[in-house]
Structure formats: C-alpha cells, structure tokens
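From a predicted model like this one, the values you see are computed outputs, not experimental measurements. Chain A is the first sequence line, chain B the second, and so forth, proteins listed ahead of strands; every chain is numbered from 1. FYI, side chains are in, hydrogens and waters are out, and symmetry mates aren't considered; it's all heavy atoms of this structure.
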Amino acid sequence: MASSTPPHCSITAPSKPHQISTNSSHKTLQHNQQHPPHLPRRFTSHKVSASPLPSNSLSKAPTFLSPLPTPKKTHLSPDFSGKKSTRFVSKLHFNRQRSNLSTRHSPVAEDVLAQSAAAIDEVQFQVILMGFEGRLSGSEDYCFLLRELGNRGESSKAVACYEFAVQRERKVSERGKLASTMISVMGRLGNVDSARFVFDNAVNGGYGNTVYTYSALISAYGRSGLCKEAIGVFEMMKTQGLRPNLVSYNAVIDSCAKAGVKFEVVNDIYDDMLSNGVDPDRITFNSMLAVCKGGLWKEAMRLVSEMGIRGIDQDVFTYNTLLDVICKVGKMDLAFDIMSEMTAKNVMPNVVTYSTVIDGFAKAGRLEDALGMFEEMKCAGIALDRVCYNALLSIFLKLGRFKDALNVCKEMESCGIRKDVVTYNALLGGFGKQGKYDEVRQVFDQMRRVRVLPNVLTYSTLIDVYSKGGLYREALEVFKEFKQAGLKADVVLYSGLIDTLCKNGFVKSAVLLLDEMTKEGIRPNVVTYNTIIDAFGRSAGVDYLVDAIVPVDEKSGGKTSMILTCDSAARNLEGSEHNRVMKIFGQLAVDKSRNSKEFNESSQELLCILGLFQKMHELEIKPNVVTFSAILNACSRCNSLEDASMLLEELRLFDDRVYGVAHGLLTGSRDTIWIQALSLFDEVKQLDISTASAFYNALTDVLWHFGQKRGAQLVVLEGKNRNVWENVWSTSCLDLHLMSSGAARAMVHAWLLNIRSVVLEGHELPKLLSKVVGDGALKRAIEGLLSGIGAPFHLAETNLGRFISQGAAVTTWLKKSGTLQVLLLQDVRTQPENRRLDQRPNLQPLPL
DNA sequence: GTAGGGTTAG
C-alpha cells in the first residue's frame, strides 16, 4: 500500500567513484566528488504520495512489483508516437512529484484516495465518496483528490469526483477552484476536449470566468500542442475583461514552445507581457528557452544571461532546457562546459541533465563519450531511470554490443523498471539492423506476451528492417497487422514504404504514394523528399509496371496471392494506396530478384524531379545537406550540362551559397569561389561524418562527371584534410572506403602524384603498395582508372577488395616521362586565372 | 505555468 512504500531515497549507495577513461568526463567528475551526491537529499524531503505507481526507478531493490495500471485507452492519446504524449506518459509512469506546497488537504482526503484504488469503476468510487461526504472539508480536499486521481490516470474517477464536488459546493469562488483544477487535470491527461467541456460548463454556470480557469485551459491546449487554440483562449480572456497574470503568460508562452512556434511570435507575447506590467519570472524564461529548441542556441545563451541581469536565478530546469537546445545543435563541447558551470553554481545535474547530454553525444555519433557520461552519472550517485536505461540500451545496440544490451534489460528488470514500447522498439530495430531476425521475432512475441502495445514506431521499425533485409513477406504481414491495429500511419512509416519502393525501382509508385499520403493529411518531410530525389536514375533495368499481372508462387501460400487478386474487394476496405503497398510487397515477396524500374527516359525523370522540388517549395519543406547531395547526385546522372543546370537552378532556390560553390566549380570560376567553398567545407564538417562525406562525394562526383577533374581533386583533398572519410593515406596504402567513384578516382590521382614526389625526392617506396577499395562499382571504376593510366597495380589474390603493386614497379612507372602528364588532372572549363594557377610548378607536391 | 528517450533519406 502506498503508505508503506519506502521513500524514494532508499537507493543503494552511490557506486564507488573510479577512474573515468574519457578526458571529457574528468572535469565534472572531480567536481562531483567534492559535493556529496545530491539525489538522496532531494528525495528525502519529498512527501511520499499514496501512489501505487512504480517510483522514479531510484530503488535497486524494488518494492513495487505490481504491474503498471493500464491507463484507460480512451483518455490517453491513441498512440504515444508524438513527442508530447511520450513525455506525458513518462511523467505519468514515473509519478513525478509536484511541488507539494499547496497540500492543504485533510487526512480524510488521503483516506478516500487510499480506498479509491480498490474501486473498480467510477460508480464504486462515488459510493466511497458518499461515505466520506460529511468529513471531506471543501474544495481543498476535492482538488487534492482530482490531482491525485489525475496523476494515476484515473480519468473517469476524476470526472466522477468533480461532478460530485461541484454539485455539493455552494460558493462560486470554490466552484471556480474546482473547475480550474479539473481543467488542469484533464489537460495533464491529454484530454483537452474534456478540459474544454468543463471550462464551458463552468463559464455557463457562472463560476468559470476567472483568470485561473482561462490559464488552466491555455495550459491544457498547450500540452496537447494546440498552440493556436491556447492563444485563442488567451485573447478571449482579454476580451472578457480579464487581465492575464504571470501564470497566464507563462502558460501561453509554454504552449508556443511545445508547438515549435517561431521565436519572434513568442517574443511579441513577451513584449506584451512587459507592456502590461507583468514581470517575467524564472518559469517565463525557462519556457522562452524551450522556444529556442529549433536551433536558436545563441538566443538561448542570451536569454540565460538576461536572467542574470534581471536577477532571476537559473534552476535545474533552466540548465536542462539550455542543454537540450545546445545538444540538439550538436555543440557537445559547449554542453559539457555548461554542465560544469551549473555544478559550479551549485545547480546539481540530475537524471534529466545526464540523459539530455547523453542523448546529445549519441546523436553526434560520439557513443563512447555517451557511455563515459553514464559512468560519471554512476559516480555522482544518480540512478538511471527508464529514459536513461533506454538511451543506454540503444547505444549498446548501435555499437552491436548485444550482450551488454541484454544486460541492460536485466538490470532494468531488477530495478523494477518495466520495458516499455521504447525499449522494445529499440530492441527490434537493433536486432533487425544486424539481420538478427530470430531475435526480432522473439522480442516481438515477448512484447505481445507482456502486453506492451506496439505503436506506429514499432510497425515502422519492423517494416523497415524486414524490407531492408529483403524479407518482404514478413514486411507485408507486419503491414497488415498494422492496418488491423487501426493505427494511423505517420510520415516515417510512409517514408519507409516510399524508400522500399524507390530502392526496388518503383519510383513512379513512390511518387504516387507521396501524393496519397499528402491527401491523407500526412505532411511529407525532408527525409521523404530526399528519399525520392535520391532514387531517380539510381538503377537501370527493365520497365516494370505495378499493375502488371504477377504470377502467384504456389509455395507462397494463399495470403499473398489473395492480396494480389482481391483487388476490388481490397479497394473497398482499404485506401487504394495501402492496397498498392500490399500489392508491391506481395510482388516483391514472390519475385525478389527482379530489378524493376518504372522510368526509362531521363527527360521524364528530370521533369518529375523538377515537379518534386516545386512541391517541396509549396509545402515549405526546408531542404538540408542531404537534399543538396541528392540534387548534386542527380546532376551527375544528367547527360548534358544544360540538364544539370536545370537541377542546379533548384539548388540555387534552396541555398544560394551551396549553389554558388557548385556552379562556380562546375563552370571553372574556381578562383572567385574558392574562399566561399572553404567556408562551406568547414561548415559541412560540423555535421556528422556520414552526412559530410556524402556531400563531398556528391560534389566531387558531379565535378568529375562534367570534366572538372582538377576541381574535383581539390574538393576531395579538402575533404581528406578535414578527415571526412577517416581513411588511411600513407606512402604504402590508400584507403578508398565510403568514397564515391569520382572522389576515389580524384583521390588516387592525388595519392600517386604524392608518391611520385616522394620518389623524386630520392626516397624509396615500401616493397609493397596497396589501395583498399570498397564495393563492386567502385572497384570497377578504380580498375578502369589504373589500367587507363598504365599504373602497375593488380587485384590482390588474397583480398579482392585490394589493389597492390611492388614498390619498385611503381617507382619505375612514376619515373617514366609520360607519367606526370597522365597523373595531372585538368578542368575542361577554366577561367584564364585558373589556368595560370594550375600551371604553376609549385602545385607539386599537392597540398595535403 | 518549466526539463530528457525510440522509427525514415545520405
């Protein structure tokens, strides 16, 4: 029972501080060692609420092994895919403590609450209430009950409690209190319609026209991401003659933050607040900080210093929100400094601080640093909670450390933290990406067994891993189950389906599916578009129509064939787009080997791709570097510079600078554009390594394709200097992994020229030289290049991904009179000044 | 009235 639940502080002693391996961990660690672990202090002071829910996972010896009460489906969002609902559910499960300053309720209310747990439904609960009626003292007790029932997700009991209380309350002001509490509770439960209903009734009943009910309703809308509605209520309260107070302003600002409203809009509200004589407080600033999450990290830093100027102290929310902003733009070193600063200011990092920074490291691909933070967290005596365990799990899965991942699951269990849908999705994706399909099946079975409901992310993940593995029959089955579950597809699920179509050559169907998802009200995002742009012209093959009659494989069983043949019946039941998806999956399942392609004319493709860009503009979808890379790659597939120019024009509309660099290099105006190019390269290097290398590959390829080989080489060397391929380059070995064919060829020339200068300086080459090459297409390109220039390399017999040669043979070849000429790359289009530059002898050796 | 997590493109 709740009263016997030990306080949350009954955690095991912090693990012994020990040496942290990463440098980055060190600074904060030293600081933490000077301060006693703060967590027990925080939690001993908490009153233990009478909640049967699992605690914040702080206990290693769980005292509550009872299963989670399942929140009533009707009162929660249909799925937890959205950020807001996930966050909400986390709060609910963790039974996050509210600051209990206003616990003016009587002990009787606690008794009612304790008994309410046994009530099967709201009718039984009402009977309990009636039994206590005379002893419950007014709105304070009822408000307490409402909040606590809300915390437990007991929506219908809260409704019963509210009705019971309002009917018995005579005072208008007390009824108003009940109403604003109820609105707030409904808002917290994500049940914004009920909140509105309560509000309207209260207003009509003559007790709802208060700043409190309006503020509560603003907040309710805000929590559900309904920012426009929140602002509407905010405006309405003004027209009703009510003056918004600090809480009203904070609520409306926060609703904007949650909905991702532009900073300028929120700033106007802030100005309005000041001009109405309402002084902002810490929470105002904390919410303003949250508005900066779209990448406005400098604005966030400015806000924090403005807090200082105004004499408003920063708290752990301030720092956590600031850190989130900083981490989301990938500035992990700055995040680390901020974390040290907060500790120095005696604002101690908590589990949210760590999970924010850990997530930042993980997203930046710095998985080892992320693991270092976990160590540091342990040393600081901060126990992991569900979010943290899930983060740790996903890091191990990304690293392919499956044993460690399973140990995380075991540890979660021993701490009394049940695996949730996030945990399962991580496991499904982790195993699936490694092709461990047996494990995928086991995990999915377990998920069903323990009744963790799959959500749209679960299905997207499964469809994705099965499709990528070529297990189309399994993907189809998952898709059908998804449809049966009645979940609404989202942009990621659609993008995944579109990607599968694209990768199998069904580009036309992919475009149709894109249209249909838009019609369904699902907004495609930049990933959706990048997927399709990237697909154009990738694979050549036979023309293959979706509606073609597909021979049914007898062995495949009836299911697939039924889907393929029951066209009209299916059309009535499903949307036609789903029907098509099923058809294609079925088709892929029975005929995996077919390399299909729905386009056979490049002009048709060009028009289609231009149409896509137009749509992107219309939908105001902001392109990113991946889009730029995809456009450049599409240019590389154009037969003429004129066609490519049409695509480049799109690039210009998206980003003038990237266009300027690409266009300048293509047209031979390297001199005028090179400084801009260098600054662009520096910026690209700030991105994660695979994005950066993809961009360098795309730019080099298009330059190589249109004969700007010297330009391609300079770009590739800039990439090499910035270490975007992380490849080996030494006198004896050149590694070409992850390079595109243009980049690799430009690189080979640069490497051979460099070796030539080594030879000419009188140094001896190693006995054996080698080049490490990647996949088949790249290997063929390099093979062609080497034989074309007469370089004496051949495929190693022991390793077919490697070209080798004797040092002496290469030396002889390099010293030959004609070799330099074939090694030096030229641009077909050069401005006069470039030509002079290229002919300068000091270009050798190359700027490495 | 305030903070953290999972899926898609390259």
Side-chain angles (χ1 to χ4, degrees), chain A residues 80-81 83 86-87 90-91 96 184 215-216 218-219 222-223 245-255 257-258 281-290 315-325 327 350-360 362-363 385-394 397 420-430 432 455-465 468 490-500 502-503 525-535 624-630 633 687-688 690-695 697-698:
Chain A
F80 304 152
S81 64
K83 255 195 148 183
T86 308
R87 201 155 57 199
S90 311
K91 282 184 177 175
R96 192 180 298 237
S184 160
S215 301
I218 292 168
S219 166
R223 281 175 194 279
N245 64 11
L246 177 62
V247 175
S248 327
Y249 275 105
N250 286 353
V252 78
I253 289 173
D254 197 58
S255 78
K258 288 195 167 72
D281 70 349
R282 197 179 57 233
I283 293 177
T284 318
F285 275 96
N286 290 349
S287 294
M288 291 286 284
L289 277 170
D315 65 359
V316 72
F317 286 83
T318 317
Y319 278 108
N320 288 350
T321 313
L322 175 66
L323 280 169
D324 195 32
V325 174
C327 288
N350 62 14
V351 65
V352 176
T353 321
Y354 276 98
S355 58
T356 305
V357 176
I358 284 165
D359 185 58
K363 289 223 166 72
D385 65 4
R386 187 197 309 266
V387 174
C388 260
Y389 271 117
N390 283 339
L392 183 60
L393 177 71
S394 96
L397 289 168
D420 66 358
V421 66
V422 180
T423 323
Y424 280 106
N425 290 349
L427 288 167
L428 292 170
N455 61 18
V456 65
L457 275 85
T458 318
Y459 290 111
S460 302
T461 304
L462 282 170
I463 294 169
D464 185 62
V465 298
K468 287 209 167 72
D490 68 356
V491 60
V492 177
L493 191 125
Y494 265 107
S495 300
L497 294 174
I498 285 172
D499 188 46
T500 300
C502 286
K503 293 279 187 316
N525 62 19
V526 66
V527 177
T528 325
Y529 277 96
N530 289 348
T531 306
I532 303 187
I533 296 168
D534 188 69
N624 58 21
V625 190
V626 181
T627 323
F628 302 151
S629 304
N633 282 330
L687 306 164
D688 68 286
S690 64
T691 306
S693 58
F695 179 77
N697 281 339

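Proximity of Lys503(A) to the phosphate of dT8(B): no side-chain N or O atom is located under 4.0 Å from OP1 or OP2. Contact annotation: Lys258(A) reaches the phosphate of dA3(B) (side-chain N/O to OP1 or OP2, under 4.0 Å). Between Lys468(A) and dT7(B) there is no side-chain N or O to OP1 or OP2 distance below 4.0 Å. An OP1 or OP2 oxygen of dT2(B) is reached within less than 4.0 angstrom by a side-chain nitrogen or oxygen of Arg223(A).
In this structure, Ile532(A) and Cys502(A) have side chains that are in contact, with non-hydrogen atoms separated by less than 4.5 Å. You'll find the side chain of Ser495(A) reaches within 4.5 Å of the side chain of Asn525(A), heavy atoms only. Counting only heavy atoms from C-beta outward, the side chains of Asn320(A) and Asn350(A) approach each other to under 4.5 Å.
Distances from the side chain of Asp254(A) to the nucleotides dA3(B), dT7(B), dT2(B) place dT2(B) closest. With dT8(B), dG10(B), dG6(B) as the candidates, the nucleotide lying closest to the side chain of Val492(A) is dT8(B). Listed nucleotides: dA3(B), dG6(B), dT2(B). Nearest to the side chain of Asn350(A): dA3(B). Distance from the side chain of Lys363(A) is smallest for dG6(B) among the nucleotides dT2(B), dG6(B), dG4(B). For Ser460(A), taking side-chain heavy atoms from C-beta onward, the closest of the listed nucleotides dT7(B), dG10(B), dA3(B) is dT7(B). In the set dG4(B), dG6(B), dG10(B), the nucleotide with an atom closest to the side chain of Thr691(A) is dG10(B). The side chain of Arg282(A) has dT2(B) as its nearest neighbour among dA3(B), dT2(B), dG4(B).
Between Tyr529(A) atom OH and dT8(B) atom C1' the separation is 15 Å, expressed in whole Å. Note: CG (Asn425(A)) to P (dG6(B)) measures 11 Å, nearest angstrom. Across the protein-nucleic acid pair, Asn525(A) atom CG and dT7(B) atom C1' stand 12 Å apart, rounded to whole Å. Rounded to an integer number of Å, the gap from Asp315(A) CG to dA3(B) C1' is 9 Å. For the pair Leu289(A) CG and dT2(B) P, the computed distance is 14 Å after rounding to whole Å. Atom pair Asn697(A):CG and dG10(B):P shows a separation of 13 Å (rounding to whole Å applied). Rounded to whole angstrom, the span from the CG atom of Asp464(A) across to the C1' atom of dT7(B) amounts to 7 Å. Whole-Å rounding puts the Tyr494(A) OH to dT8(B) P distance at 19 Å.
In the interface, the side chain of Asp420(A) is not paired with the base of dG6(B) through any donor and acceptor atom under 3.5 Å apart. For a distance-only test at 3.5 Å, the side chain of Ser355(A) qualifies as a donor-acceptor partner of the base of dG4(B). Not a single donor-acceptor contact under 3.5 angstrom links the side-chain atoms of Thr461(A) to the base of dT7(B). A donor-acceptor contact under 3.5 Å is formed by the side chain of Asn624(A) with the base of dA9(B).
Nucleic acid contact for Thr321(A): sugar-phosphate only, since backbone atoms but no base atoms lie under 4.0 Å from a heavy atom of the residue. When heavy atoms are screened at a 4.0 angstrom cut-off, Leu246(A) is found touching base atoms of the nucleic acid.
Thr461(A) places a side-chain N or O within 3.5 Å of a backbone atom of Leu457(A) that can act as its donor or acceptor partner.
For the pair Ala698(A) and Ser629(A), the tightest heavy-atom approach, listed with the atom from each and the gap, is CB-O, 3.5 Å. The minimum heavy-atom distance between Asn286(A) and Phe317(A), with the atom names listed, is ND2-CB, 3.5 Å.
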